[in-house]
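First comes the structure, then the notes that go with it.
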Amino acid sequence: MSTTGQDVTRSAVPRPRAAGAVAGLLAAGTALGVGELAAGLAGTSSPVIVVGDALVDNSPSWAKDLAIALFGTYDKIALLTGVYSAVALLSAVLGALALRRPLTGYIGLAVFAAAGALAVTVRRTDEPLAVVPVLAGALAGEAALLLLLSSLRRTARPTGPVGGVFVPSAYGAPSAASGAAGGAGARSGGTSRSGASGEPGGGYPHRSPKHRGLAARAAGTAAEAASRRRFLATGAGVLAVAAASGGIGRFFASGRGVADKRAALRLPAAAAPLPPLPNGTDLAVPGLPPFTTPNPDFYRIDTALTVPRVDPDRWRLRIHGMVDRPVELDYDALLRRALIESDTALTCVSNQVGGDLAGNTRWLGVRLDDLLREAGVHSGADQVLSTSQDGWTCGTPTEAVLDGRDAILAVAMNGEPLPFAHGFPVRMVVPGLYGFVSATKWVTDIRLTRFADARAYWAQRGWALKAPIKTMSRIDVPRPLEETKAGPTTVAGVAWAQRRGIEVVEVRVDGGTWREARLAEVPGIDTWVQWSGEFDLRPGRHTFEVRATDNSGYTQTSKRVEPIPDGASGWHSVQITTV
Ligand SMILES: Nc1nc2c(c(=O)[nH]1)N[C@H]1C(S)=C(S)[C@@H](COP(=O)(O)O)O[C@H]1N2
Ligand SMILES: [Mo]
């Protein structure tokens, strides 16, 4: 083979190893980007973080000390930089090797993934789901490598008279292949497009080595440009996917910083703490929900597709509209105010008779009436229109906020900062009103206005403007259609009439006489109350019914109405079979 042939080979595929390295980097980048995205979506740590954490967790203390000595507080950045650099270096080498032996690349990536999966399993914290982003990333990385390698390979296939020359080079083996390919190029060149391509002198076989070299170089330049374009286009596409998925993943993950802040929060104690709950709020009937609803069990109702994660450091509340002095508060300023505790049951207007869209807890928060008085509410401003971070609106009667009940900006429930799903960092709670007119989660804006002038979210959709919670009772035990043993049978449930309190709960079986149920203790009138009764049942089918009377003397009506527009009514009944 002539020197010119060698020249052609070299110029035709510019630094194939470099292309391989780039392919390797891009594949690894895709793996990391998609891993980041999957982690963001799954709410788990990203693969790089998992690997970094595993390294930190499992490195000897002298290494940690050294790292801290060398990098100080930048030790985490140094560690991640190290992880990224190692991945970059290894993937570039792998990519270069994969040119000749694609399998090396695929297996290499799989080994990366296995290392990531191992990191997940050796991590001390229990986060098995973190393996999902590792696998997703690995799959995406393999796919990217496949695309990139095949774009390089296609590049290398004969594309013209001397296209064959590039085949071996493209795989990074210029010396072994150039001779054979040169011959192939010469042969095919003689019978194909050489004439048509307008090259002087006709077919290669009749040319001198020098001529052959020149022609090949000319054709090679065209093929080279095309090949480069193809590889660049594929590479750009892969890069875009990697960057976009990584960016989106990061965006989702940004909420995790807020989770850390929430976890680290130490809320001040209440300036006016309530006494502990009285003994006997729980009747200890199996199957009866506890008096205090555990936060994770608290019903959740909102219009948010993804739970907003509001950074407490960026949270602001504006109180404005029909007021003398608009107020603006940040989270610290809110927490500097006197906090009160309030035992209040929340209820959703959509709750059906017997439904479970109610929960009871001890809230911690700042009195809203104080704030409104400081702002100086204009007369005629009959609506407190609150808006959440995500744009949901809620209209609360001003008089309900100002009449002395525990209308609060709540920051905690059941001794814990509000869970994200329940409005972290700040929500409204106004006892006695259904949630849609009182309980704005992630509240950021409160405007004093008139019901005549502004309609809140659900009011625009046919629900009531004002919606005090209706007196309600529910049977929780036994469950509907349960089969129980004949004989002594416990019936139990909860009842609520926030702002009035429950005076009596009555229960009856099979339409018999109403019997007064036993009532549990309560700390106040704004919670629910547990009740229970005993019946001696014969075998057969039985129907229990319950009704409550509140402290205003009102007894629940048997008239069934649907939740819309202002809450369901009617007696709850449960059928069972005893054997
Ligand atoms: N931001 C916001 N707050 C909201 C809602 C909403 O959709 N968005 N729904 C309200 C309704 S209808 C109810 S019943 C209560 C439920 O509160 P919870 O999810 O903490 O139980 O939140 C209220 N606050
Ligand atoms: Mo609701």
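Remember, it's 1-based here, ligands and their atoms both numbered in the order they're listed. Remember, predicted model here, so these are calculated numbers, not experimental data.
- Here is the list of ligand 1 atoms found below 4.0 Å of a heavy atom in Leu346: 17 (O), 21 (O).
- With a 4.0 Å cut-off on non-hydrogen atoms, Phe298 touches ligand 1 through its side chain and not its backbone.
- At a heavy-atom distance under 4.0 Å, atoms from both the backbone and the side chain of Tyr299 approach ligand 1.
- In Trp442, the part holding a heavy atom less than 4.0 Å from any atom of ligand 1 is the side chain.
- For the pair Ser388 and ligand 1, the shortest N or O to N or O distance falls below 3.5 Å.
- The shortest N or O to N or O distance between Ile301 and ligand 1 is below 3.5 Å.
- Across the listed options Arg300, Arg427, Met428, Gln389, Arg427 owns the non-hydrogen atom lying nearest to atom 17 (O) of ligand 1.
- Of all the atoms in ligand 1, the ones that sit under 4.0 Å from a non-hydrogen atom of Cys348 are 14 (S).
- In this structure, Trp363 and Phe298 have perpendicular ring planes: the angle between them is above 60°, well past the 30° mark.
- In this structure, Tyr457 and Trp392 have tilted ring planes: the angle between them lies in the 30° to 60° band.
- At least one N or O atom of His422, backbone or side chain, sits closer than 3.5 Å to an N or O atom of ligand 1.
- Under 4.0 Å from ligand 1, not a single heavy atom of Val349 appears.
- Residue Thr347 places no N or O, backbone or side chain, under 3.5 Å from any N or O of ligand 1.
- Heavy-atom contacts from other residues, nucleotides or ligands closer than 6.0 Å to CZ of Arg337 number more than 12.
- At least one N or O atom of Thr303, backbone or side chain, sits closer than 3.5 Å to an N or O atom of ligand 1.
- Looking at Gln530, its side chain never comes within 3.5 Å of a backbone N or O of Arg518 through a donor-acceptor pair.
- Figure legend: cation-pi geometry between Arg262 and Phe420, with NZ or CZ positioned under 6.0 Å from the six-membered ring centre and within 45° of its axis.
- Checking only distances, Phe436 never comes within under 3.5 Å of ligand 1, N or O to N or O.
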